[in-house]
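Worksheet: one structure, shown below.
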Amino acid sequence: MEQDVNRQSVRYLSLMAREYPTIQAVSSEIINLQAICNLPKSTEHFMSDIHGEHEAFLHIINNASGAIRDKIELVFGNQLGESERRALAALIYYPEQKIDQIRAAGENMADWYNVTLHRLIAVCRAVTSKYSRSKVRKALPKDFAYVIDELMHTHYVERDKERYYEKIISSIIDLDRAEAFIIALTALIKRMAVDHLHIVGDIFDRGPHADVILETLRTHHSIDIQWGNHDVMWMGAASGSKLCVATAIKNCVQYDNLDMLENAYGINILPLALFANEQYADNDCSVFTPRNLPHERYMPKDMSLYARMHKAICVIMFKLEGQLIQRRPEYDMKDRDMLSRIDYSDMSININGEKHMLRDGVFPTIDPADPNRLTEPEQQLIDQLTDAFINSNKLQDHIRFLYSVGSIYNCYNGNLMFHGCIPCNDDGSFMEFDCDGQKLSGRQYLDFAEQLARKAFYAKEGTEEKEIGRDFMWFLWSGRNSPIFGRKQITTFERALVADKATHKEPKNAFYKYCDDEEFALKVLDHFGLHESYSTIVNGHIPVKAKEGEGPQKANGRRVVIDGGFCKAYQSQTGIAGYTMFFNSQRIRIVEHQPYNGELHFIDSDIQSQDVHVKVLPNRLLVGDTDTGRELKERIADLKGLLEAYRRGIIKEAK
């Protein structure tokens with residue numbers, strides 16, 4: 001057995017020797033990796049519950065939740081006035097627009113370029129100071145890599161290089177490359193201000209353009225995403241779940257996001273409009289009038305048409321929900337087959353022992369004897385719409401990206417991120433689920449759930465596992481005690497058709513009864529193997545009602561909720577426009593962002609933000625303390641093994 005192990009070790013070391021063929025090459029790499037382990041830990045940026053608000057999202061990405069402004073203050077706080085610092089920040093956020101603005105104002109562009117290039121280089125030095133030169137070089141824009149590298153590492157104190165430095169800048173201006181060079185520098189600053197981005201769920205729904213957000217995220221240099229309930233519903237739709245398709249379209253109609261659906265994803269909604277006009281032309285569908293959000297710029301001109309479309313797709317959705325609940329008894333959701341519970345003699349429904357009259361009692365496509373059966377036109381419509389989702393190349397690319405960088409939960413550098421909850425029983429124990437004959441709970445259940453979610457998209461068409469995966473995506477979206485939904489029921493039916501708001505309540509899973517307790521939070525962290533003094537659960541999903549005095553920090557700092565109302569639809573509840581979080585080598589910062597006017601021109605103004613919590617770490621974290629550092633240390637150990645093999649003659653150096 002030992003000989004087999006040694007034989008395997010030699011084979012592995014021989015493969016390494018191809019990359020490091022000499023003692024000198026191995027020694028140099030060990031020195032390099034050990035040095036990297038002693039650099040400060042890089043910056044992580046956390047965002048959650050973006051809900052399609054692309055303008056605010058893009059600005060937060062550009063200003064790195066105020067981190068870039070902080071660097072400008074650090075470098076120029078005593079040298080430049082407030083207006084100059086603000087203008088420099090705007091240039092970094094939106095270089096093309098700001099340059100156009102400066103040119104239109106009649107500035108002497110050669111002088112402005114000269115001053116601005118010096119300032120941007122100084123900011124570049126500040127944001128790259130804690131990275132190795134190798135890492136910075138890899139991030140440099142290809143066209144200007146050599147020049148930027150030279151400028152960042154030449155200083156005025158080096159008198160012999162002062163003229164060299166100035167000549168580079170003057171040559172850039174003389175050759176009419178200043179504008180392109182400024183754009184390259186600002187991109188580098190934004191790239192290095194944040195090393196890794198975490199999105200803790202809910203990119204889709206409510207706001208107008210989740211597609212723009214996903215296009216931006218796809219180009220990010222380092223990112224992970226924890227799926228939110230709105231995300232998995234769209235993932236299910238793209239995988240071919242007819243119920244998820246109906247739900248996604250219903251949300252787009254309700255919040256008037258058809259621009260994204262039709263123009264971004266190429267999904268034609270005309271068949272739904274024609275069907276709605278045919279089936280509901282003589283009905284009063286005002287109950288289904290889409291929501292009118294404050295300052296909304298996308299409200300439909302024909303509200304009655306939208307109401308008919310909304311009603312039509314809701315009825316199809318309710319029917320498909322009933323069908324799924326009947327074929328998946330393991331979900332234990334028979335009580336949510338709402339169409340089967342209606343008393344069609346008087347159009348009422350019994351909820352919690354109380355009779356309620358429906359707000360709309362005209363449903364020409366429902367057969368009381370078989371309420372969940374789709375009519376032939378309904379079946380043709382949902383088939384057509386599902387095909388459109390499956391055949392939308394852009395949507396498929398976006399969903400494939402969500403699968404490639406996403407997961408239900410993530411353990412990263414000592415922190416635990418998930419969107420919803422770890423399902424719990426009333427006594428605080430982890431809830432068990434029946435999973436293919438096994439009883440799973442906690443992390444094991446989340447791992448199993450993620451496997452099913454991936455089968456929805458990747459399993460072969462026509463197989464049972466594909467169908468199970470598709471149905472499970474709907475369960476993750478709104479199923480009882482789903483780890484991503486985190487509630488006992490979703491009351492879409494009641495909100496649409498029952499006037500009594502007491503029936504609209506969506507009781508939370510017992511996780512939310514305990515999660516603000518430090519001991520419980522530590523139990524969850526321990527369950528996932530996270531024991532650092534700073535280890536934190538990072539959640540989204542449940543908006544923090546800041547206007548009522550609630551804060552994002554919970555469980556004595558062991559849990560943070562960063563859903564603060566990024567989406568306008570929630571800002572009436574929260575009073576703010578969201579939280580973001582930063583975790584660098586010295587501190588954890590939670591930043592609160594104020595609501596903004598959708599018409600705001602960000603090149604002239606910044607979102608007002610402030611730190612609401614700063615946790616200073618007892619010791620500065622180094623790369624060696626991170627997940628990457630642990631991988632580097634394993635690599636160093638392997639390299640030392642190769643070095644020993646060279647010295648003992650087990651492996652020969654290359655000539």
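All residue numbers refer to positions in the sequence shown, counting from 1.
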Mind checking whether [X] and [Y] have side chains closer than 4.5 Å, heavy atoms only?
X	Y	result
I316	I249	no
M235	F457	no
P543	V561	no
T580	F46	no
D471	R327	yes
K505	T491	no
H198	N415	no
L261	V253	no

Going through the distances and angles, do R328 and E467 end up as a salt bridge (charged side-chain N to carboxylate O under 4.0 Å, His left out)?
CA-CA 11 Å; R328 302 294 176 202; E467 292 305 314; 5.9 Å; no
Could you check whether any side-chain N or O of [X] sits under 3.5 Å from a backbone N or O of [Y], counting only pairs where one atom can act as donor and the other as acceptor?
X	Y	answer
K523	G428	yes
R206	H51	no
R443	F528	yes
D517	A555	no
T247	L243	yes
D526	L522	no
H59	Y93	no
N413	T626	no

With a 4.0 Å cut-off, would you call K547 and E592 a salt bridge?
no
Where do F433 and F448 land on the ring-ring contact (aromatic ring centres under 6.0 Å, His included) test, with the steps shown first?
CA-CA 10 Å; F433 292 80; F448 177 85; 9.7 Å; no
Is the cationic atom of K41 (NZ for Lys, CZ for Arg) positioned less than 6.0 Å from the six-membered ring centroid of F583 and within 45 degrees of its normal?
yes
Taking everything shown except [X] itself, do over 12 heavy atoms lie less than 6.0 Å from its [atom1]?
X	atom1	value
K615	NZ	yes
D426	CG	no
K466	NZ	yes
E519	CD	no
K394	NZ	yes

Quick one about [Y] and [X] (side-chain donor to acceptor, distance below 3.5 Å, no hydrogens or angles considered), yes or no?
X	Y	answer
D211	H54	no
H196	D224	yes
N391	D387	no

Students often mix this up, so state it plainly: with edges at 30° and 60°, are the rings of F204 and W234 parallel, tilted or perpendicular?
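Parallel: the ring planes of F204 and W234 meet at under 30°.
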Please round to the nearest 0.5 Å and tell me the distance separating atom CD1 of I61 and atom CG of L217.
6.5 Å
